[in-house]
Colleague: 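If you scroll down you'll find the structure; I have some questions about it.
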Amino acid sequence: METTFLQSVSYDNGVLKILDQTKIPNVTEFIAITKIEDVWDAIKQLKVRGAPAIGIAAAYGLVVGIQDLPESSFSEFYALLEKQADYLAASRPTAVNLFWALKRMKERALAEQDQPVAKIKKALEHEAHLIREEDEKVCRSIGEHALTLLHDGMGILTHCNAGGIATARYGTALAPLYLAKEKGWNIKVFADETRPLLQGARLTAWELMQAGIDITLITDSMAAMVMQRGLVQAVMVGCDRVAANGDVANKIGTYGVALLAKAHNIPFYVAAPLSTIDLETKTGADIPIEERDPAEITEGFGKRTAPEGVKVFNPAFDVTPNELVTAIITEKGILNGNYQESLPRLFDR
Ligand code: MRU
């Protein structure tokens, strides 16, 4: 049976609707956004999060932002649109899907420049819908490819949330788990809670439980023991940016999980749509890593758990070097080995 998914980002008639992921698992609440500033804030505050969902929200965010722009000349319209795209691009730095989606929207505007601005606005709304619809197909396809690496009865460890709510549907790393469920397989998933913002505990556990998938929550520090006990036979994670050499940025803690997988001889798989692959970023060292508010660590979820004034380092992502990545699973197939060579070929027409 197919799982029913909540659509975490949608747009209708000037209103961007976002599932507020900061409220899950306690409350399932959608927020209606009609101002570009609120789109920026929703991305920054992780109300919408996960690389593909951020890209989709940014595309619709631009549609929201251009609603009231003057329609007398293309050049004036485009200059203002670019400003709005730059503004949204400043919300979070690591997930390349944000920049990918905004670039695609700008290219669509340029391609339509001979049309009246009112028509260009409509074309941009259509483009944002396409980005969302394509992501759904892409995720399904990633899931199908990833499923070929798995088998019934297997244990899988995942980190953060790369599920349906982080994308248009299905997720990336979680997509094969939904497809396995459709086939009647029993996959046992272990979810790291994912300090400090607990995407694993709050979102992955919630999402997989709703789908009736066997899910066990562990704290991040328990992953080594779970591997040592032979409870998982693969790690499957999503990612925020793949550099041209196959280094991958994902939620903080992913690098540690990759090292643990290597130590236990467990394959470490990264699910990544082409929209997350950035050939212009040469290596992982060139990926901008977001640093977030120290309060996320010292008083996460409103409770102080560290002394006032303590120094804090709070990077939201880390980079896993390519040699620890057993395979990168894309909608166009599975890559392993020399990523420097295989990644560019994905973009050949
Ligand atoms: O800070 P977040 O919650 O946006 O981080 C999300 C992740 O790290 C995900 O693993 C990644 O974006 C892939 S989502 C399909």
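Whatever order the structure lists ligands and atoms in, that order sets their numbers, starting from 1.
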Colleague: Which atoms of ligand 1 are found less than 4.0 Å from any heavy atom of Phe317?
Modeller: 1 (O), 5 (O), 8 (O)
Colleague: Name the closest protein heavy atom to atom 11 (C) of ligand 1, giving the residue it belongs to and the distance to 0.1 Å.
Modeller: Asp240 OD1, 3.2 Å
Colleague: Can you give me the closest heavy-atom contact between Ala53 and Thr167, atom names plus distance?
Modeller: CB-N, 3.9 Å
Colleague: For atom 15 (C) of ligand 1, which protein heavy atom lies nearest, and how many Å away is it?
Modeller: Thr172 OG1, 3.2 Å
Colleague: Quick one: nearest non-hydrogen protein atom to atom 6 (C) of ligand 1, plus distance?
Modeller: Arg49 NH2, 3.4 Å
Colleague: Look at ligand 1 and say whether Ala95 reaches it with a heavy atom at a distance under 4.0 Å.
Modeller: no
Colleague: With a cut-off of 4.0 Å, which atoms of ligand 1 are near a heavy atom of Gln199?
Modeller: 1 (O), 2 (P), 3 (O)
Colleague: How far is atom 9 (C) of ligand 1 from the closest protein heavy atom, and which atom is that?
Modeller: Asn250 OD1, 3.4 Å
Colleague: Show the nearest heavy-atom pair for residues Gln7 and Phe30, with the distance to one decimal.
Modeller: O-CE2, 3.3 Å
Colleague: Any chance the side chains of Glu82 and Tyr87 put a donor and an acceptor closer than 3.5 Å?
Modeller: no
Colleague: Would you find a donor on one side and an acceptor on the other, under 3.5 Å apart, between the side chain of His159 and the backbone of Ala191?
Modeller: no
Colleague: Under 3.5 Å, is there a donor on one side chain and an acceptor on the other for Asn161 and Arg49?
Modeller: yes
Colleague: At under 4.0 Å between heavy atoms, which part of Ala173 makes contact with ligand 1: side chain, backbone, both or neither?
Modeller: neither
Colleague: Which atoms from ligand 1 have a heavy atom of Cys160 less than 4.0 Å away?
Modeller: 5 (O), 6 (C), 7 (C), 8 (O)
Colleague: Please check whether Ala51 reaches ligand 1 - meaning an N/O of the residue sits under 3.5 Å from an N/O of the ligand, judged on distance alone.
Modeller: yes
Colleague: Could you go through the salt bridge (charged side-chain N to carboxylate O under 4.0 Å, His left out) check for Glu71 and Lys121 one step at a time?
Modeller: CA-CA 9 Å; Glu71 299 186 351; Lys121 288 182 178 175; 2.8 Å; yes
Colleague: Can a donor-acceptor pair be found, under 3.5 Å and without considering hydrogens, that links the side chain of Asp293 to the backbone of Glu296?
Modeller: no
Colleague: Any atoms of ligand 1 less than 4.0 Å from a non-hydrogen atom of Pro52? List them with their elements.
Modeller: 14 (S), 15 (C)
Colleague: I'd like to know if the side chain of Glu291 and the backbone of Ala316 have a donor-acceptor N/O pair within less than 3.5 Å.
Modeller: no
Colleague: Evaluate Gly50 for polar contact with ligand 1, using N/O atom pairs at a separation under 3.5 Å.
Modeller: yes
Colleague: Mark the output for Gly171 as yes if a heavy-atom distance to ligand 1 is under 4.0 Å, and as no if none is.
Modeller: no
Colleague: Using heavy atoms and a 4.0 Å limit, tell me yes or no: is Ala316 in contact with ligand 1?
Modeller: no
Colleague: Quick check on contacts: which atoms of ligand 1 are under 4.0 angstrom from a heavy atom of Ala162?
Modeller: 14 (S), 15 (C)
Colleague: Begin from the C-alpha positions of Lys137 and Glu134 and carry the test salt bridge (charged side-chain N to carboxylate O under 4.0 Å, His left out) through to its verdict.
Modeller: CA-CA 5 Å; Lys137 292 191 192 106; Glu134 284 171 20; over 6 Å; no
Colleague: Starting from atom 4 (O) of ligand 1, what is the nearest protein heavy atom, named by residue and atom, and what distance separates them?
Modeller: Arg92 NH1, 2.9 Å
Colleague: Checking contacts here: is it the side chain or the backbone of Asn161 that comes within 4.0 Å of ligand 1, counting heavy atoms only? Could be both or neither.
Modeller: backbone
Colleague: If we ignore hydrogens and angles and just use 3.5 Å, is the side chain of Asp278 paired with the main-chain N or O of Glu280 as donor and acceptor?
Modeller: yes
Colleague: Identify whether the distance between the nearest side-chain nitrogen and carboxylate oxygen of Lys303 and Glu299 falls below 4.0 Å.
Modeller: no
Colleague: Looking only at protein heavy atoms, identify the closest one to atom 5 (O) of ligand 1 and say how far it is in Å.
Modeller: Lys251 CE, 3.3 Å
